[in-house]
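Inspection log for the structure reproduced underneath, given as structure tokens.
Order of the sequence lines sets the chain letters (A, B, ...), proteins ahead of strands, with each chain counted from 1. These figures come from a predicted structure and were not determined experimentally. No hydrogens, no waters, no symmetry mates; every other heavy atom, side chains included, goes into these values.
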Protein chains: 2
Amino acid sequence: MSEGVEWGLHCCVTLAWLGDDRPVSTARLAAFFDLPTAYLNKRLQALVRAGILASTPGARGGFRLARPPEAITLMDVVAAVEGPDEAFRCMEIRQQGAGAELPERDFRQPCGIATAMRRAELAWRRELAGQTLADILAAAPAASADRTRRWFALERTGS
Amino acid sequence: MSEGVEWGLHCCVTLAWLGDDRPVSTARLAAFFDLPTAYLNKRLQALVRAGILASTPGARGGFRLARPPEAITLMDVVAAVEGPDEAFRCMEIRQQGAGAELPERDFRQPCGIATAMRRAELAWRRELAGQTLADILAAAPAASADRTRRWFALERTGS
DNA sequence: GTTCATATACTCGGATATCGGATGTCCGAGTCTTACCGG
DNA sequence: CCGGTAAGACTCGGACATCCGATATCCGAGTATATGAAC
């Protein structure tokens with residue numbers, strides 16, 4: 001799994017902490033987490049395309065949450081960054097090669113291996129879909145939110 | 001997720017169908033599924049290192065299951081092919097960059113995001129660990145096992 | 001002092017390089033088979 | 001005819017290339033802001 005997932009989640013949490021009053025630029029977030037600015041921007045664009053973030057162009061622009069934290073599940077963020085397709089792709093190798101040349105063979109029944117893997121992945125997705133950003137915020141200590149807010153406020157006035 | 005997982009699982013199922021009487025060579029399995037022989041061999045070696053398969057070198061050599069199918073879970077095969085580390089690696093980016101330079105900040109409490117992701121991944125692993133090769137065999141139609149056995153027997157006598 | 005036009009700086013968005021790991025290939029070590037030779 | 005021996009063929013195991021996607025970077029489009037001049 002690409003590290004962009006961690007980036008996206010942390011950025012969403014940070015944006016939730018900072019509130020919707022003003023957008024936050026990529027450079028600010030990248031400085032806060034010590035990440036490559038342009039690449040982080042690319043990932044945030046994916047979140048925008050997924051409808052999780054809203055971007056405002058121009059000076060004093062940046063990103064903000066497009067929805068309230070209760071309406072953003074971890075599954076949404078992961079799917080936006082990693083793409084919609086499943087981790088385990090069944091290539092149906094049972095249908096290829098000499099094993100498939102048996103004339104009487106038919107493949108109407110789905111591959112049992114793919115079914116089992118899909119079941120596990122569904123459990124994973126269900127667990128992620130059951131957790132929202134609001135849950136993460138509630139679990140984090142309030143002091144972390146305060147410190148983060150303070151840092152972003154300081155940086156804004158300091159420049 | 002690499003496609004080697006699908007290869008390993010199908011090969012394990014096939015080896016379970018064929019029984020333990022004689023080992024099956026990589027070339028035979030690769031021909032059956034139309035896969036690159038040497039690369040499949042590389043992946044089967046990983047299963048050997050994990051103790052899932054047993055290899056017999058020399059002529060008439062090959063692979064066989066090292067344990068009965070009831071004692072091999074899908075999690076075992078996936079972990080053997082994909083490696084032991086988790087899919088989501090928490091890089092602790094919250095501890096890097098300007099956000100970590102606040103002197104009063106401490107990180108004794110684990111990252112809530114990592115905790116949530118770990119929980120989802122544990123659900124995935126639990127689901128995979130709950131399914132054994134025997135379950136896959138039981139779910140598959142008996143005709144498939146018969147056809148596979150017949151093909152491997154024919155190919156052996158035909159050469 | 002107020003208003004408007006213009007220059008400017010800042011930010012998002014996508015097109016373009018670069019790098020690491022998965023994918024694919026090849027050759028050597030080891031073992032079983034088998035043919036051959038001697039008794 | 002039987003046993004021993006040596007050559008041969010087959011297979012696993014690991015070392016060596018190759019390719020694709022994630023990672024990283026750069027430049028253009030667009031907008032809010034600040035500045036200056038005109039009234």
Assuming nearest nucleotide by heavy-atom distance, tell me which of A:A59 and A:L44 is located more 5' along DNA chain C.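 Its nearest nucleotide lies further toward 5', so the answer is A:A59.
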Give the rounded distance in Å between these two atoms: [atom1] of [X] and [atom2] of [N].
X     : N      : atom1 : atom2 : answer
B:K42 : D:dT18 : NZ    : C1'   : 13 Å
B:N41 : D:dG14 : CG    : C1'   : 10 Å
A:Q45 : D:dA24 : CD    : P     : 16 Å
B:L40 : D:dG13 : CG    : P     : 12 Å
B:Y39 : D:dT18 : OH    : C1'   : 12 Å
A:R89 : D:dG21 : CZ    : C1'   : 12 Å
A:E82 : D:dG21 : CD    : C1'   : 12 Å
B:R43 : D:dG14 : CZ    : P     : 15 Å

Please confirm whether the ring centroid of B:F152 lies under 6.0 Å from the ring centroid of B:W17. no
Is the ring pair A:W151/A:F32 parallel, tilted or perpendicular, if the boundaries are 30 and 60 degrees?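 The arrangement is tilted - the two ring planes meet at 30° to 60°.
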Just call it for B:T26: base, sugar-phosphate, or nothing, with non-hydrogen atoms closer than 4.0 Å on any strand. sugar-phosphate
So B:G4, base contact, sugar-phosphate only, or nothing? Heavy-atom distance under 4.0 Å.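 B:G4: no heavy atom of the nucleic acid under 4.0 Å.
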Is it possible for you to say whether B:L137 and B:L47 belong to one hydrophobic cluster, with membership spreading through side-chain heavy-atom contacts below 4.5 Å?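 Yes; B:L47 is reachable from B:L137 via cluster members.
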Please identify the 5'-most and 3'-most nucleotides of DNA chain C with any atom under 4.0 angstrom from a heavy atom of chain A.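 That gives a stretch of C:dC10 to C:dG14.
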Are the side chain of A:E82 and the backbone N or O of A:S2 linked by a donor-acceptor pair below 3.5 Å? yes
Any salt bridge linking B:E3 with A:R89? Criterion: basic side-chain nitrogen under 4.0 Å from a carboxylate oxygen. no
Would one find more than 12 heavy atoms of other residues, nucleotides or ligands at under 6.0 Å from atom CZ of A:R118? no
Is there a donor in the side chain of B:Q131 and an acceptor in the side chain of B:T73, or the other way round, less than 3.5 Å apart?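 Not at all, the side chains of B:Q131 and B:T73 share no donor-acceptor pair under 3.5 Å.
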Residue B:R49, side-chain atoms from C-beta onward, closest of D:dT23, D:dG14, D:dC10: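 Minimum distance to the B:R49 side chain belongs to D:dG14.
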